[in-house]
Amino acid sequence: MAYDHKRIEEEWQRRWREQGTFRADNNSAKPKYYVLDMFPYPSGAGLHVGHPLGYIASDIVARYKRHCGFNVLHPMGYDSFGLPAEQYAIQTGQHPAKTTEENAARYREQLDHIGFSFDWGREVRTSNPDFYKWTQWIFLQLFNSWYDPRANQARPVSELIARFEGQGCQGQDASVLTGDSEEFIGAFTAQEWNGFDERTRQMVLQRFRLAYLSDAWVNWCPALGTVLANDEVKDGVSERGGHPVERKRMPQWSLRITAYAQRLLDGLAPLEWPESLKETQRNWIGRSEGATVRFPVGDDFIEVFTTRPDTLFGVSFLTLAPEHPLVARSTTPDRRAEVEAYVHTAKNRSERERQAEVDKVSGVFTGSYAKHPFTGADIPVWVGDYVLGGYGTGAVMAVPGGDQRDWRFAKHFNLPIIAVTEGANIGKEADERKDATICSEGFLKGLKVPDAIRRAVKELEKIGAGQGKVNFRLRDAAFGRQRYWGEPIPIYYKDDIPYPLPESELPLVLPEVDKFLPTESGEPPLARAKNWTYEGHPLETTTMPGWAGSSWYFLRYMDPHNAERFASAASINYWGQVDLYIGGSEHSTGHLLYFRFWTKFLFDLDLIPFDEPAKKLVNQGMIQGVSALLPFVAKISVPRGVEYLSGNSFTPETTPLLYVSGSLAAQSEDKVTQQILERLRKYWPEFREKEAQIRIEPKLSRVNVDINLVDSHNVLNTEGFVDVKKSQFTEPREIDFLTDQDGRVTTIREVEKMSKSKFNVVNPDDIIEKYGADTLRLYEMFLGPLEQSKPWDTNGIEGTFRFLKKFWNLFHSEAAPATAPATVPSTHRVDPIHITEEAPTKAELKTLHATLKKVTEDIGHMSFNTSVAQFMIAVNELGALKCRKRAILEPLTIALAPFAPHIAEELWAKLGHTESISTAPWPQWDAQYLEEDSFSYPISFNGKTRLQLEFPLTLGKEELEAAVLANPEVQAKLEGKAPKKVIVVPKRIVNIVV
RNA sequence: GCCCGGGUGGUGGAAUGGUAGACACGAGGGACUUAAAAUCCCUUGGCCCGCAAGGGCCGUGCGGGUUCAAGUCCCGCCCCGGGCACCA
């Protein structure tokens, strides 16, 4: 009759599986609720206790909503394409499909043990052809669409062609395009279009397609034959292998997310997402209003974007990004060598680097001059790497008087600094105030900045030297990857022009290759595939990035087996948007932006009836690991050279590795040194002879010790540690410990990321084995607020385990009044329980309803740690009241079910129910049981609480005040003086000001 | 540098502007037990006065402010974590 979590949990997990308890039906009269977890990538390391945190929270909500009468969609699947599997494949030769399959199976097993109410019948994997068929299909829709600025939505390219045929392409089309491809396309007439050859037409259309091929800057690593992400490049070389990396322009598939910049920005406001996450997206989209200004240079002109056209008369030079196409043409012959050298080095620095080194100013003069559009003055043209090729026009008008970066550049190169605002101290720094008054001569003089901006734009437009413009920081998303383990892009090339594969050819299945590496000529792995062609034409060899499948997967869950459509219209209409989306904040600008982008695109095509994927989003915090660090003697300096005592350079061989108790190391260096001396004498006889002449200086380092070798008081299991260490050495090596005064070896605790390399990973399987899934679930929630990061400390889990045992014992106390134990029609287990049918007391009802109220409200705002605390309070109170009453315990069991579903199911069955507890309606709390007759008022003097006085709640403010003042204790405190003021807040506090 | 979080006992944390430290871990003491485990009870922010009952002072990163009353609101800092754009 003891709480046997293992038996209970296995039993119920089996039943849920066999009975399909959590299958969600697409046809239901019930209202729907869609709870989604961010897609996991099934890594080889399996789950640690940090991973399920969000899943437990979403499972609680899913189960709660079922109790409230909703038809709940709560699916799970795998984002199963990705780099780790590919890298593992390169190392081991194992096909990524195989390792992915194994990893997913392992995930599934671990997830099952936690008792989630997922509808596994809807599981999807992005690497399954029947899933990525539709990822490819959506890609084709993107390829066949353009963004119509008039309709402000994506439209079929066929409409664009019809437009060209009818009226050609006039200026406006080109001017509204944004993003990386923002180059002047050039107007053409209908006749011209009709006269273009196929190639030219396709090239023109590329400029409009939402999935398009264009040259983009990439970090190319010739040695690895691949493109690297910014964070894979360190100091100009690849992070792995240290091979040189160069910035190179390569044809790349991109998605024109920039077309959606404004809508992605506007769509944020109504979403119930964390404000900080919305802000991050706003910053990422980076809308800025300003103007473009054209500065003539010889026959060309340099176009700049500025948010401060009001500072136009403060321009003292122009700066081009090293990548800017006009750099070569603007450079005078005498400057060529210098400029080319600068451009070469600057271009190959990563953007990260260029941006990180704020203090280092670098640049070079091109030798040529631009003309100021208003004054006609000569403006020197410089190249500087503080200007980025990918933002704006890749050129800035430098106003050192109004912009600190320009100021620094001007200072460094001795360029003129012109004051643009009144009261600026330009000798010291630029004046970036937006409320200043412009002081330059001409039409802007005396205007405030905002007025001056408007005026400047008007004047620029009047003389045709520029115009007002909104600029976005957001860039188009690179969509091609030089990798194997991703969705093939359904494109083939005829005469080097990309064409879409017909839909009937989908899925374009990932081909087999002999190796998962680039070809010798540097082509992506798919180029190794035999017959990688379509009707004799070569197929695209890059694959889609990791985020492709996750940009639309939430729709597939609605109708996962549909072979005709990505999901039926009926299922999409029924399930609609995700009601609650839970995941980590690391996805705030990647996944979540693409997710919203694809949703808006599918909405534009009338394929789905909503244009935001998730109404409400919650970021769960990270669970950090608690590492155990053990100091060791890394090095002992002696006057003649250095003797290493650790690692492979261990000498002298007679001296063991010395590990130092953390508490000892914390005490004093002397104590450590003393013990080292003792060990040296012991293990190194020669040392004794020389000891007098040698003064040693030990240096300590720390190693991460497996936390399983450390107890709750940080005491190291030294035998276990020695075993582990010895198994790591190829040659036998002595190990000794410098202990503290108690003879113990302690480790030092540190909170850091939970990871294998830090030996601080806690596996949920181990926790479940010992305490059960219900305890794990409760403890993960009890740890603290969901959104916050917090360290995992297994030692604290006893509290939640004890709670469950106490809860169980409320139903099984043999000390309960001798009433007839309820007969248990449970089909699987017939332990008697001790439950009475007596009417509950007022106190019992109060506990129950206070708990129902708190838990219901807490689930509403995802405050699960406080609900668990309330359950503990309830169990403690009911235990003290010796309550064994069905009328109390039954509703409480339902309330606990979302949190600890196994024990709840078991007790529910024992209470005589034959249906799963998940079908039980949520118990409602009733305020009448919470009403109090009296309240114990804290009586404070000048805000400091001094005593408590109990008064009936029926007392009015004046009566209360009189009663308080009449109290002898209060009188004593007042010492006969009259209070200056008495503040009475009914049911709160009485404050007496003296 | 900028943006976003966060700083409360030994630890995780709780607290609509109204009794700071709920709940839990750990620690200390006790009961039960041959013993252990399990369970139960008491104490547990710091300092001080008192034999005791009890009482006083301090206390939510730091410094100011608003208020009858501030962990909570405002201003100025410091520190930690996360993100990022020298973004024109």
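Just so we're clear, the structure is a prediction, and the values are computed from it rather than from any experiment. All values below were derived from every heavy atom in this structure, side-chain atoms included, with hydrogens, water molecules and symmetry-related copies excluded. So you know, we letter chains A, B, ... as the sequences are listed, proteins then strands, and number each from 1.
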Watson-Crick/G-U partner (both atom distances under 3.5 Å) of B:U19: none
Length of the OH-P vector between A:Y771 and B:C25, whole Å: 12 Å
Shortest side-chain distance from A:Q948, nucleotide among B:C23, B:U19, B:A14: B:U19
A:E303 and A:T393: side chain donor to acceptor below 3.5 Å: no
Any donor-acceptor pair under 3.5 Å from A:S867 side chain to A:V855 backbone: no
Parallel, tilted or perpendicular: ring planes of A:F871 versus A:F803, cut at 30 and 60 degrees: tilted
Sugar-phosphate only, base, or nothing, as touched by A:P785 at under 4.0 Å among non-hydrogen atoms: sugar-phosphate
Touch class at under 4.0 angstrom, heavy-atom based, for A:V985 against every strand present: base
Syn-anti status, with the boundary at 90° from 0, for the nucleotide B:G9: syn
C1' spacing across the pair B:A20 / B:U8, given as an integer number of angstrom: 8 Å
B:A24 OP1/OP2 closer than 4.0 Å to side-chain N/O of A:N876: yes
Opposite nucleotide pairing with B:C40, Watson-Crick or G-U, both atom distances under 3.5 Å: B:G30
Atom pair distance, as rounded to whole Å: NZ in A:K944 and P in B:C58: 4 Å
A:F409 ring center near A:F317 ring center (under 6.0 Å): yes
Integer-rounded Å distance: B:G55 P and A:F941 CZ: 13 Å
A:F413 ring center within less than 6.0 Å of A:W382 ring center: yes
B:A36 to B:A24 separation - C1' atoms, rounded to the nearest Å: 25 Å
Enumerate the protein-to-nucleotides 35-46 of chain B contacts in which both atoms are nitrogen or oxygen and the separation is below 3.5 Å.
{"residue": "B:U39", "atom": "OP1", "partner": "A:K805", "partner atom": "NZ", "Å": "3.3"}

Distance between P atoms of B:G6 and B:G61 (Å, rounded): 13 Å
Euclidean distance, atom CD of residue A:Q870 to atom C1' of B:A15 [Å, nearest integer]: 14 Å
A:A478 versus A:W547, closest heavy-atom pair with distance: O-CZ2, 3.7 Å
Anything under 3.5 Å between a protein N or O and an N or O of nucleotides 4-11 of chain B, put it in a table, one pair a line.
{"residue": "B:C4", "atom": "O2'", "partner": "A:S276", "partner atom": "OG", "Å": "3.4"}

Under 3.5 Å: donor-acceptor pair, side chain of A:D403, backbone of A:D406: yes
Proximity to the side chain of A:T866 - top-ranked nucleotide from B:A14, B:C57, B:A24: B:A14
A:K790 NZ to B:C25 P, straight-line distance once rounded to whole Å: 19 Å
Donor-acceptor under 3.5 Å (A:K790 side chain, A:P785 main chain): yes
Any-strand Watson-Crick or G-U partner of B:A52, both distances under 3.5 Å: none
A:N991 vs A:R308, nearer the 5' end of RNA chain B by closest nucleotide: A:N991
Interatomic distance where CD1 belongs to A:I873 and C1' belongs to B:G13 [whole Å]: 13 Å
A:Y3 and A:F801 aromatic ring geometry - parallel, tilted or perpendicular at 30°/60° bounds: tilted
Base paired to B:C84 (Watson-Crick or G-U; both N/O distances under 3.5 angstrom): B:G1
Partner nucleotide, any strand, of B:U67 [Watson-Crick/G-U, under 3.5 Å]: none
Touch class at under 4.0 angstrom, heavy-atom based, for A:S585 against every strand present: nothing
Separation between the C1' atoms of B:U60 and B:C79, rounded to whole Å: 16 Å
Distance, P atom - from B:G9 to B:G63, rounded to whole angstrom: 15 Å
Phosphate OP1/OP2 of B:C68: any A:K981 side-chain N/O under 4.0 Å: yes
Inter-nucleotide C1' distance (B:G18, B:C73), Å rounded: 14 Å
Complementary nucleotide for B:G76 - Watson-Crick or wobble, under 3.5 Å: B:C62
Touch class at under 4.0 angstrom, heavy-atom based, for A:L783 against every strand present: sugar-phosphate
Side-chain heavy-atom pair A:M754, A:V762 within 4.5 angstrom cut-off: yes
Reported CD1-to-OG1 distance for the pair A:I438 and A:T421, which is rounded to 0.5 angstrom: 6.5 Å
Nucleotide nearest A:V396 (side chain, heavy atoms from C-beta), chosen from B:A15, B:C25, B:A88: B:A88
Same-atom distance (C1') from B:C25 to B:G81, integer angstrom: 24 Å
Side-chain touch A:V868/A:F899, heavy atoms, less than 4.5 angstrom: yes
Sugar-phosphate, base or nothing in reach of A:R946, heavy atoms under 4.0 Å: sugar-phosphate
Distance in angstrom units between A:Y386 OH and B:A88 P, rounded: 13 Å
Euclidean distance for C1', B:G83 against B:G76 (whole angstrom): 25 Å
First of A:S863 and A:F305 reached from the 5' end of RNA chain B, by closest nucleotide: A:S863
Phosphate OP1/OP2 of B:C23 contacted by A:K854 side-chain N/O (<4.0 Å): no
Ring geometry between A:H587 and A:H591 (parallel below 30°, tilted from 30 to 60°, perpendicular above 60°): perpendicular
Proximal nucleotide (of B:G18, B:C23, B:A88) relative to the A:I989 side chain: B:G18
Euclidean distance, atom CZ of residue A:R408 to atom P of B:A88 [Å, nearest integer]: 14 Å
